[in-house]
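Report on one structure; see the data block that follows.
Residue numbers count from 1 along this sequence.
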Amino acid sequence: MATDLICLGEPLIEFNPINGEPLDSARTFSVGYGGDTSNVAVAARRSGADVAYATRIGEDAFGDSLFRLWTEEGISTSLVEREPHGTTGIYFISRDPEHSAFTYHRSNSPATRMTPAWVPEAAIRTTRALHISGISQAISTSACDAVFRAIEVAKDAGTLVSYDPNHRPALWETGRARAVIRQSVAEADLVMPNLSEGRLLTGFLTPEDVVARLVDLGPRIIVLKLGSDGALLAHGGEVTRFAAPRVNAIDSTGAGDTFDGAFLAQLLAGATPRDATEYAVHAAALATLGAGAVDPIPDRSTVLETRGLR
Ligand SMILES: O=C(O)C(=O)C[C@H](O)[C@H](O)CO
C-alpha cells in the first residue's frame with residue numbers, strides 16, 4: 001500500500017551523557033535513537049502521517065533496535081535493507097539547549113553504501129512526498145548520488161520533494177557541502193533550513209534577506225527555522241514570521257527534524273503552509289523539553305493541547 005511520505009537517509013543509535021556531562025568525563029549514557037531523516041519519520045508519524053522509512057542498516061543489535069523503533073511507531077519498514085555483517089552507525093551528544101554537538105562513529109556504515117541502483121523508485125513514484133537531507137549526501141559519494149536519483153524520480157512522478165540541508169560540517173568539506181546543498185534546494189519543492197544554513201547558502205545575514213534569496217533559487221515553500229525565535233515562511237509571494245512558544249529547553253537535538261516531520265504531516269493532511277508552520281513551531285519547541293532526538297518528539301494531541309503555551 002502506498003504511504004503519504006517516504007523519508008530516506010541514515011538512522012543512528014544515540015548516546016546521550018546522563019545529566020549532560022562533557023564527553024571526556026561522562027561515564028553513563030542514556031541510549032536512544034537518532035539520524036535526522038528517521039527522526040523526521042517518527043515526528044511525521046506521531047503527527048498522524050502514514051510513513052515509510054528507506055535506508056540500509058546492519059544485521060546487528062543496533063539495526064534490530066532501530067527496526068523495533070519503526071515497527072513500534074507504525075512506520076513501514078518495507079524499504080529497509082539489512083546488510084549481513086554491516087555495522088549500524090552511532091553518535092554521541094554534547095548537549096546544549098540551543099546547539100547540540102555530535103561525535104560520530106558511522107564511517108563504513110551500511111547507509112554509506114546506498115547507491116542510485118538501490119533507490120526504491122516504484123515506492124517513490126507512488127508516495128505523495130519524499131523527504132531527504134544533506135546528511136545523507138555527506139556520508140559518501142554513492143549515498144549523495146542516491147539522494148539525487150531519488151529527487152529525480154520524485155520530480156518525474158510529481159511526488160513533492162522536501163529537503164532539509166542539515167549541514168554537519170564534521171561530515172564534509174564546506175565548499176562541496178554548499179554546492180550540493182544549493183543544487184538540492186534548487187530542485188526541491190519544500191526546503192526547511194536553519195539560519196546558519198541559510199547564511200551559508202546565500203551569503204546574507206538577516207532572516208528576511210536569506211529567505212528572499214532562497215525564494216530566487218526556486219522552491220515553492222521555504223521555511224527558515226529560527227530555533228527559539230520561531231520561523232519565517234515564504235510561500236505564494238508572502239513572507240510570514242511565526243513566534244515560538246517560550247519553553248525551558250534542555251536539549252535541542254532533533255528539534256529541527258521534529259519541525260520538518262510535523263510540518264509535512266500537517267501539509268499532507270491538507271493544512272495550508274501557514275497552519276503547518278504554526279503547528280510545527282509548537283511541535284519543535286516541545287521536542288526540546290526532553291533529552292535526545294526521539295523520546296521527546298510530541299504526538300499530535302500533545303501539540304494541539306499545548307498550542308495555548310504562547
Ligand atoms: O547528525 C546526524 O547525522 C544525525 O542524524 C544525528 C541527529 O539525530 C540529528 O543530527 C539531529 O538533527
Side-chain angles (χ1 to χ4, degrees), residues 1-14 33-57 63 66-81 88-89 109-111 114 118-139 143-144 146-151 153-155 157 159-166 168 184 187-193 223 225 253-269 276 280 283-284 287 293-294 297:
M1 196 190 70
T3 49
D4 291 337
L5 171 66
I6 294 176
C7 299
L8 181 151
E10 176 168 36
L12 300 169
I13 292 289
E14 170 186 275
Y33 303 102
D36 64 336
T37 49
S38 174
N39 303 338
V40 173
V42 172
R45 180 71 197 131
R46 289 188 187 171
S47 278
D50 190 5
V51 187
Y53 193 53
T55 191
R56 302 189 76 253
I57 52 175
L66 284 159
F67 206 88
R68 202 163 50 236
L69 165 75
W70 301 318
T71 306
E72 285 171 4
E73 293 286 338
I75 294 167
S76 168
T77 53
S78 59
L79 307 176
V80 175
E81 186 174 15
T88 304
S109 70
M114 292 189 288
W118 165 84
V119 167
E121 295 195 10
I124 291 174
R125 285 185 189 282
T126 51
T127 192
R128 294 171 59 210
L130 167 75
H131 179 80
I132 63 277
S133 84
I135 290 178
S136 319
Q137 295 170 312
I139 57 174
C144 185
V147 171
F148 278 118
R149 177 64 189 149
I151 292 174
V153 172
K155 284 171 73 94
T159 299
L160 179 122
V161 175
S162 162
Y163 180 74
D164 187 333
N166 263 343
R168 298 288 182 266
S184 310
E187 295 191 18
D189 300 296
L190 160 65
V191 295
M192 297 181 273
V223 196
K225 295 177 286 191
T253 306
D257 305 330
T258 298
F259 189 108
D260 298 354
F263 184 96
L264 279 162
Q266 288 296 104
L267 196 71
L268 291 167
V294 166
I297 295 174

Do you know which two heavy atoms are closest between [X] and [Y], and how far apart they sit?
| X | Y | result |
| --- | --- | --- |
| A284 | A255 | CB-O, 3.5 Å |
| N166 | D164 | N-OD1, 2.9 Å |
| S136 | V147 | CB-CG2, 3.7 Å |
| A44 | A265 | O-CB, 3.6 Å |
| D50 | A2 | OD2-O, 4.0 Å |
| I57 | G63 | CD1-O, 3.5 Å |

Quiz item: Would L5 and L160 satisfy side-chain contact (heavy atoms from CB on, under 4.5 Å), going step by step from the backbone distance to the final call?
Solution: CA-CA 9 Å; L5 171 66; L160 179 122; over 6 Å; no
With a 4.5 Å cut-off on side-chain heavy atoms, are [Y] and [X] touching?
| X | Y | value |
| --- | --- | --- |
| S162 | F263 | no |
| D36 | S38 | no |
| T55 | L8 | no |
| Y163 | M192 | no |
| L79 | I6 | yes |
| V161 | L190 | no |

Any donor-acceptor pair under 3.5 Å from [X] side chain to [Y] backbone:
| X | Y | result |
| --- | --- | --- |
| R56 | E81 | no |
| S133 | P165 | no |
| T159 | I124 | yes |

Quiz item: Residues two or more places apart in sequence or in another chain: which of them pass side-chain contact (heavy atoms from CB on, under 4.5 Å) with S109?
Solution: E10, A111, T112
Practice problem: Under the side-chain contact (heavy atoms from CB on, under 4.5 Å) rule, collect the residues that match up with A143, sequence neighbours excluded. | Solution: M114, I139, S140
Between [atom1] of [X] and [atom2] of [Y], what distance do you get to the nearest 0.5 Å?
| X | Y | atom1 | atom2 | answer |
| --- | --- | --- | --- | --- |
| T3 | R45 | OG1 | CZ | 10.5 Å |
| I132 | C7 | CD1 | SG | 9.5 Å |
| E187 | D189 | CD | CG | 10.5 Å |

Which residues pass the salt bridge (charged side-chain N to carboxylate O under 4.0 Å, His left out) test with [X], not counting sequence neighbours?
| X | value |
| --- | --- |
| R128 | D4 |
| E73 | R46 |
| E14 | none |
| D257 | none |

Taking side-chain hydrogen bond (donor to acceptor under 3.5 Å, both in side chains) as the definition, give me every residue that meets it alongside [X], ordered by chain and number, with sequence neighbours left out.
| X | value |
| --- | --- |
| T258 | none |
| T126 | none |
| S76 | S78 |
| R68 | none |

Practice problem: Using the side-chain contact (heavy atoms from CB on, under 4.5 Å) rule, take I135 and T37 through it: C-alpha gap first, then chi angles, then the decisive distance, then the call. | Solution: CA-CA 9 Å; I135 290 178; T37 49; over 6 Å; no
Practice problem: In plain terms, say whether D260 and K225 are close enough for a salt bridge, that is, a side-chain N and a carboxylate O under 4.0 Å apart. | Solution: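 Yes.
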Exercise. List for me each residue that meets ring pair (Phe, Tyr, Trp, His ring centres under 6.0 Å) alongside W70, sequence neighbours excluded, and say none if there are none.
Key: Y53
Quiz prompt | Residues which pass ring pair (Phe, Tyr, Trp, His ring centres under 6.0 Å) with F259, listed by chain and number, not counting sequence neighbours | solution = none
